[in-house]
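To keep things clear, I will list the structure first and then write my remarks on it.
Residue numbers begin at 1 in each chain, while the letters A, B, ... track the order of the sequences.
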There are 4 protein chains.
Amino acid sequence: MLFTVDPSRSEAVYAQVMHEIRQRIARGLLNAGDRLPTVRDLAQTLVVNPNTVGKAYQLLESEGVISTRRGVGTFVADVSPKLSLSARRERVNELLDRLLTEAYHMGFNQDSLMDTIEKRMKSFQTSGSRRRGQ
Amino acid sequence: MLFTVDPSRSEAVYAQVMHEIRQRIARGLLNAGDRLPTVRDLAQTLVVNPNTVGKAYQLLESEGVISTRRGVGTFVADVSPKLSLSARRERVNELLDRLLTEAYHMGFNQDSLMDTIEKRMKSFQTSGSRRRGQ
Amino acid sequence: MLFTVDPSRSEAVYAQVMHEIRQRIARGLLNAGDRLPTVRDLAQTLVVNPNTVGKAYQLLESEGVISTRRGVGTFVADVSPKLSLSARRERVNELLDRLLTEAYHMGFNQDSLMDTIEKRMKSFQTSGSRRRGQ
Amino acid sequence: MLFTVDPSRSEAVYAQVMHEIRQRIARGLLNAGDRLPTVRDLAQTLVVNPNTVGKAYQLLESEGVISTRRGVGTFVADVSPKLSLSARRERVNELLDRLLTEAYHMGFNQDSLMDTIEKRMKSFQTSGSRRRGQ
DNA sequence: GTGGTCTAGACCACC
DNA sequence: GTGGTCTAGACCACG
């Protein structure tokens with residue numbers, strides 16, 4: 001779990017930790033059942049307060065992404081969306097709109113954006129057919 | 001400029017205004033040279049504090065998305081990304097990673113995500129070749 | 001919002017606050033749009049740290065029960081379950097099993113339990129037909 | 001005594017064991033005088049630390065639900081609530097309030113909740129009049 | 001003035 | 001040793 005966190009970014013530190021972990025799972029670098037570093041260890045590595053890491057872990061648990069076992073440690077959970085289908089679609093659509101908007105303003109045209117998406121997608125677990133439909 | 005702002009969303013109101021304007025430009029609903037409503041008018045329409053709209057306009061101007069001519073009004077600027085090529089790529093890639101991560105956790109597989117992207121893309125100006133490559 | 005919290009109970013203080021608020025909403029004592037006390041005020045009333053109240057508010061927000069508006073305050077949200085139908089059923093069934101188990105051990109028979117349920121239900125919003133089906 | 005325990009649930013393992021045993025008694029799957037597995041056997045079956053099972057047994061004994069005869073084994077006790085009538089009522093009412101609150105937030109209306117309760121009640125011993133009133 | 005974040009440090013339940 | 005809770009106190013973004 002080597003990564004860093006930038007306290008000067010506008011995104012909250014605990015949110016950066018959450019995103020990093022979510023992304024590692026989505027990329028297949030972390031798989032269901034894998035153990036995460038302890039709150040204290042990760043806090044020391046990132047040079048932040050243990051409470052901050054704890055907050056990230058707790059929120060990820062409430063989303064069903066990870067699962068903590070008292071006195072044992074924290075583990076990657078089996079993926080199984082808790083939200084309703086419509087809520088999940090809405091969430092993806094919002095991020096998608098944001099991406100398309102930003103891509104326009106950054107001067108990407110359709111083709112170059114699609115190229116980028118396809119390349120990037122290869123390093124994610126969303127590819128292939130190992131996951132059930134939406 | 002008919003749109004609303006939801007103060008109960010977690011996103012700051014001024015940021016919602018910025019995103020909405022950026023999105024309208026990206027969708028072609030607003031084009032270079034089009035006049036935006038005055039700060040007061042928009043504030044009244046959205047039922048928010050004028051300072052909030054002012055902040056949104058100010059930040060958009062600093063990004064080069066709109067341009068204010070004192071005593072005349074505020075207008076959509078010609079699109080010409082100020083950032084370096086690598087900075088623009090990085091920005092798009094970050095949003096893309098976030099989308100792919102979220103899509104994974106929301107249970108989308110490659111095909112359903114691609115379908116969603118293609119459908120959504122049709123309503124954006126990113127299509128066609130009217131803008132220079134990435 | 002007159003209520004107290006007992007730090008000596010095994011239930012965490014922030015959870016007691018959450019339950020109290022959820023219950024007031026379910027009883028119709030708090031309705032959609034109503035303002036909750038500020039974090040600081042409630043903390044002072046309950047004689048707990050503001051962070052503890054803040055945690056309760058944040059968790060309730062993540063459940064969609066209340067909604068905070070930056071710089072303005074915290075309000076009761078419109079009820080609209082975010083969880084999938086199966087997750088909601090599971091949650092109710094678990095509490096129901098716990099109730100039935102406890103009622104048995106406390107010496108209630110079917111009839112006396114049913115009487116108790118019917119009486120108690122009258123003071124809750126679950127009664128009547130003003131809410132959509134499950 | 002075939003059941004499992006889920007260490008990833010938020011409820012402590014020893015509490016899960018307690019609830020399971022209480023529920024089996026309430027469902028009539030275990031009756032007064034029935035012998036429970038030894039601490040070691042159950043611990044092995046559930047793949048948990050023997051101390052955890054021991055803690056569950058100890059707490060259940062202190063509640064009067066089971067009774068241990070040294071050198072002989074552990075048995076389901078005759079049900080006879082030790083608590084006062086008012087304490088027992090309070091305990092049931094608290095769980096009931098929690099159920100009604102949760103049902104409201106999960107979108108159940110009176111009828112659907114009542115249906116659920118009646119169905120579920122059939123598999124519990126609370127039915128009939130074999131136990132004295134509340 | 002509102003809520004949100006972070007730190008430092010203490011104590012506790014669990015296994 | 002693991003995570004969870006709470007306090008006290010500081011700082012910040014928002015409207």
In Watson-Crick or G-U wobble terms, with both distances under 3.5 Å, the base opposite E:dG3 is F:dC12
Can you tell me if A:H19 and A:E11 form a side-chain donor-acceptor pair at under 3.5 Å?
yes
B:R24 side chain to B:L29 backbone, donor-acceptor under 3.5 Å: no
C:V13 has its side chain closest, among F:dC6, F:dG4, F:dT2, to F:dC6
C:V72 has its side chain closest, among F:dG3, E:dG4, F:dG15, to F:dG15
Presence of A:T52 side-chain N/O under 4.0 Å of E:dT7 phosphate oxygens OP1/OP2: yes
Given the options A:V17, A:V65, A:V76, A:L60 meets side-chain contact (heavy atoms from CB on, under 4.5 Å) only with A:V65
Distance col, row B:Q23:CD vs A:T101:OG1, nearest 0.5 angstrom, shows 4.0 Å
Walking DNA chain F from its 5' end, the first of B:A15 and A:Y57 to be reached, judged by nearest nucleotide, is A:Y57
Considering only heavy side-chain atoms of C:N49, the closest of F:dA8, E:dT2, E:dC15 is F:dA8
message = One thing to verify: whether D:R98 and D:E102 come together as a salt bridge, which I'm taking to mean a side-chain N less than 4.0 angstrom from a carboxylate O.
response = no
Rounded to whole Å, CD of A:Q44 lies from C1' of F:dG3 at a distance of 17 Å
Taking F:dC6, F:dG4, F:dG15 as options, the one with an atom nearest any side-chain atom of A:T68 is F:dG4
*Check every strand shown and say whether C:T74 touches a base, only sugar-phosphate, or nothing at a heavy-atom separation below 4.0 Å.*
sugar-phosphate
message: Once you apply a heavy-atom cut-off of 4.0 Å, does C:G73 come out as touching a base, just sugar-phosphate, or nothing?
response: sugar-phosphate
D:E11 CD to E:dC15 C1', in whole Å, measures 15 Å
When rounded to whole Å, the CG to P distance for the pair C:D6 and F:dT5 reads 17 Å
The answer to which of A:R70 and C:V39 contacts DNA chain E further toward the 5' end, by nearest nucleotide, is C:V39
Value for CZ (D:R9) from OG (A:S67), rounded to nearest 0.5 Å, stands at 11.0 Å
note: D:M18, atom CE; E:dC14, atom P; distance rounded to Å ~ 11 Å
A:R69 atom CZ is separated from F:dG4 atom P, nearest whole Å, by 13 Å
Taken to the nearest whole Å, CZ/A:F75 to C1'/F:dT2 is 10 Å
Under 4.0 Å, counting only non-hydrogen atoms across every strand here, what does B:V48 touch: a base, just sugar-phosphate, or nothing?
nothing
Sorted by chain and number, sequence neighbours left out, side chain to side chain contact (heavy atoms under 4.5 Å, CB included) with D:T74 holds for D:L36, D:Y57, D:I66, D:T68
Taking E:dT2, E:dC15, F:dG3 as options, the one with an atom nearest any side-chain atom of C:T38 is E:dT2
From CD of A:Q58 across to P of F:dG3 the rounded distance in Å is 11 Å
Rounded to whole Å, the CD-C1' distance (D:Q16 to E:dC15) equals 13 Å
Table of protein N/O atoms under 3.5 Å from nucleotides 10-13 of chain E N/O atoms:
none

### Query
Do C:Y14 and C:V48 have side chains that get closer than 4.5 Å, going by heavy atoms?
no
